[in-house]
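See structure below.
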Amino acid sequence: MQIHINSSNYQDQAGIKSKGEIMTVVTRFAPSPTGLVHVGSHRTALYNYIFTRQQGGKFILRVEDTDQNRYVEGAVENLLSSLEQLGVKYDVGPGKEDENGPYFQSKRRDIYTKEVQKLLNAGHAYRCFCSAETLEAVRKEQMEKHIPTGYNGKCRNIPKEESDKRAETEDFVIRLKTPQDGVCAFHDIVRGDVRISWSQVDDQVLVKSDGFPTYHLANVVDDHYMQVTHIIRGEEWLPSVPKHLFLYDCFGWEPPRMVHLPLLLNADKSKLSKRQGDVAVEDYLKKGYIPEALNNFLALLGWNPGGKNEIYSMEELIAAFDINKINKAGAVFDVQKLNWMNGQYIKNMDTAKYLKEARKWLENTKVNESKLDTALMAVKTSLTTFQDIPDKLTVFTGDPAIPDADAKEMLALDSTRTVFTSYIEKISILEELTVDGFKTVMQAAQAETGVKGKLLWMPVRIGLTGEMHGPELGYIAEYLGKEENIRRIKSWEAKKQRS
RNA sequence: GGCGCGUUCGUCUAGCGGUUAGGACGCUGGCUUCUCACGUCGGUAACACGGGUUCGAUCCCCGUACGCGCUACCA
């Protein structure tokens with residue numbers, strides 16, 4: 001099946017190896033350095049990466065820094081660092097140059113200038129001398145009259161001689177001379193067949209008055225010369241596809257396959273934004289989310305292999321991914337599910353790795369270094385993110401809490417006194433208090449006092465921590481050590497006698 | 001306003017004309033002879049609406065509603 005776009009053809013196929021025709025997949029992630037990397041942006045990078053790895057292709061990172069006004073200091077560093085930390089490795093790009101570089105658009109201006117000249121010569125583009133103010137006034141009037149906004153075509157037909165002459169003294173932009181009627185029909189691997197009337201397509205600015213290209217020009221030129229086969233990007237670009245396709249047509253180039261991903265949304269379905277929570281990859285990393293969990297979660301927003309399992313390593317994602325099964329509808333970024341998933345990753349983390357990572361998150365917690373691992377292991381299954389560690393550790397490292405009413409009631413019980421007496425007696429005999437030793441002690445205490453279950457355990461828990469909740473008691477007992485166990489239990493005895 | 005894209009449990013989704021519409025998160029009940037967490041066994045809840053096409057529509061077509069996106073010398 002072929003869909004005609006003016007004079008050029010567009011192949012309706014995913015363009016992947018399984019089609020029989022061997023082609024090397026080339027994709028690119030092309031962010032603008034305008035701030036911290038957004039999770040939605042990272043999701044796009046991830047899909048490019050996963051698809052490319054699966055196809056054995058080449059993944060390009062290209063920095064689209066054509067807007068001098070929006071450039072943010074440090075943004076490129078943040079971009080590189082985010083990709084690095086999340087394990088999304090590009091094959092070519094900044095620092096990994098090849099013959100198709102450079103990979104910063106600001107360093108490719110000569111190329112755009114040369115290409116746009118071809119367009120000018122062929123009559124596919126023209127200089128527009130309208131000032132930004134004029135354009136703004138036109139737009140305002142259009143809005144007031146409730147007619148479609150857009151460029152009015154004022155400079156569309158300025159004769160070449162006049163244009164050349166004015167260009168010597170006046171500021172201008174270069175616009176694309178888009179078709180005025182007919183329909184642009186194209187195929188998108190996610191959206192299927194899409195049709196947009198040319199009457200809806202504005203004469204897009206290709207080169208700004210500062211001489212820099214706009215996204216549309218730079219993007220098309222770069223994707224062509226970098227031999228990109230699949231454009232995988234956010235849905236917000238769908239409406240500008242006709243301009244891009246027209247550019248390919250004017251240049252006589254074959255356009256890549258289009259893959260427009262569904263957007264990531266806030267809980268209220270609006271486009272994911274900072275106002276409603278963290279949106280930067282860095283925010284999540286700082287909060288102790290695990291890169292693998294973040295990737296796993298993001299990969300499943302817009303695509304799902306089906307089945308009961310939700311936990312996929314990068315390798316598994318690469319193996320299972322199917323570009324033809326990407327969803328069309330936007331996906332709400334649900335932190336609750338991310339939290340669950342991150343907890344899963346922590347629980348399943350290899351002990352040595354966990355301990356090493358966990359130690360980075362102690363902050364100012366004062367710990368008994370020799371028993372730290374015991375405490376960290378005790379707390380492992382209760383973590384959502386690593387940031388929870390200091391808080392979870394206070395039961396080990398802090399002073400006993402002040403008992404609440406229920407705890408006091410428990411402490412006041414007659415059976416508690418006998419349990420305490422027996423407990424102290426039994427652990428005093430021990431050489432060292434370990435988790436196993438603690439269990440033995442509790443068994444012995446139960447046999448001696450006849451108290452069992454909650455009435456046996458809870459007083460000891462409260463005696464040691466002041467609280468009725470917390471990690472497994474044996475860990476706490478071991479962490480505190482024999483002397484501290486005795487000291488804490490006795491202090492309750494003492495208080496009790498005083499009252 | 002115009003154009004485009006979309007719509008399955010609250011959320012992420014499976015489904016590709018015939019299913020008790022499945023799974024995961026969340027919430028919730030039991031078990032786990034200390035609590036919480038973990039784990040485990042259950043429960044909960046959905047095809048936006050209206051027309052077609054068809055023996056039969058969640059699935060195909062049309063319309064409506066709603067949502068989102070685009071409508072910049074930003075990407």
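These numbers were taken from a predicted model, which means no experiment stands behind them. These values consider heavy atoms only, across backbone and side chains, with no hydrogens, waters or symmetry-generated copies. Note on naming: letters A, B, ... go to the chains in the order of the sequence lines (proteins, then strands), and numbering restarts at 1 for each one.
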[X] side chain, from C-beta outward: closest of [options]:
{"X": "A:Q200", "options": "B:rC74, B:rC3, B:rG6", "answer": "B:rC3"}
{"X": "A:N327", "options": "B:rA14, B:rG69, B:rC73", "answer": "B:rA14"}
{"X": "A:N304", "options": "B:rA75, B:rG1, B:rU13", "answer": "B:rU13"}
{"X": "A:V332", "options": "B:rG69, B:rC12, B:rG6", "answer": "B:rC12"}
{"X": "A:K347", "options": "B:rC38, B:rC34, B:rC5", "answer": "B:rC38"}

A:Q180 meets the side chain to side chain contact (heavy atoms under 4.5 Å, CB included) criterion, sequence neighbours left out, with A:R156
Who are the side chain to side chain contact (heavy atoms under 4.5 Å, CB included) partners of A:Y71, not counting sequence neighbours?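 Side chain to side chain contact (heavy atoms under 4.5 Å, CB included) check on A:Y71 returns A:P33, A:E73, A:V76.
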When we call it a touch if two heavy atoms are under 4.0 Å apart, what does [X] touch: a base, just sugar-phosphate, or nothing?
{"X": "A:Q204", "result": "nothing"}
{"X": "A:K380", "result": "nothing"}
{"X": "A:V173", "result": "base"}
{"X": "A:M458", "result": "sugar-phosphate"}
{"X": "A:S199", "result": "nothing"}
{"X": "A:E310", "result": "base"}
{"X": "A:T381", "result": "base"}
{"X": "A:G307", "result": "sugar-phosphate"}
{"X": "A:E472", "result": "base"}
{"X": "A:S32", "result": "sugar-phosphate"}
{"X": "A:V460", "result": "nothing"}
{"X": "A:G302", "result": "sugar-phosphate"}
{"X": "A:A132", "result": "base"}
{"X": "A:L238", "result": "sugar-phosphate"}

Please determine if a side-chain N or O atom of [X] lies less than 4.0 Å away from the OP1 or OP2 oxygen of [N].
{"X": "A:R139", "N": "B:rA72", "result": "yes"}
{"X": "A:T465", "N": "B:rC36", "result": "no"}
{"X": "A:K269", "N": "B:rU11", "result": "yes"}
{"X": "A:K325", "N": "B:rA14", "result": "no"}
{"X": "A:K337", "N": "B:rG23", "result": "no"}

Establish whether the base of B:rC5 is bridged to the side chain of A:R191 by a donor-acceptor pair shorter than 3.5 Å. no
Looking at A:K392 and B:rA37, is any side-chain donor or acceptor paired with a base atom of the opposite kind under 3.5 Å? no
Please lay out, stage by stage, how A:E168 and A:R166 fare under the test salt bridge (Lys or Arg N to Asp or Glu O under 4.0 Å). CA-CA 5 Å; A:E168 288 167 20; A:R166 288 177 69 179; over 6 Å; no
Counter-base of [N], judged by Watson-Crick or G-U geometry with both distances under 3.5 Å:
{"N": "B:rC3", "value": "B:rG69"}
{"N": "B:rG26", "value": "B:rU44"}
{"N": "B:rC16", "value": "none"}
{"N": "B:rU58", "value": "none"}

Where does the angle between the aromatic ring planes of A:W237 and A:H244 fall among parallel (under 30°), tilted (30 to 60°) and perpendicular (over 60°)?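 Tilted, since the angle between the ring planes falls between 30° and 60°.
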Salt bridge A:E141-A:K145, side-chain N to carboxylate O under 4.0 Å: yes
Salt bridge between A:R108 and A:D222, side-chain N to carboxylate O under 4.0 Å?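 Result for this pair is yes, salt bridge flagged.
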Expressed in whole Å, how much space separates the P atoms belonging to B:rC60 and B:rG43?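 It works out to 31 Å between them.
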Considering only the C1' atoms, how many Å lie between B:rU58 and B:rC16, rounded to the nearest integer? 11 Å
Determine whether the aromatic ring of A:W340 stacks with the base of B:rC25, defined as ring centroids separated by less than 5.5 Å and ring planes inclined by less than 30°.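 Ring-base stacking flag not set for A:W340 and B:rC25.
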Please tell me whether A:Y345 and A:Y289 form a close aromatic pair, meaning their ring centres lie under 6.0 Å apart.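 For A:Y345 and A:Y289, the ring centres are not under 6.0 Å apart.
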Tell me if the aromatic rings of A:F420 and A:W492 count as close, with their centers under 6.0 Å from one another. no
Looking at every non-hydrogen atom in both residues, tell me the closest pair between A:L245 and A:C184 and how far apart they are. CD2-SG, 4.2 Å
Grab the N/O contacts between the protein and nucleotides 41-47 of chain B below 3.5 Å, and write none if there aren't any.
none

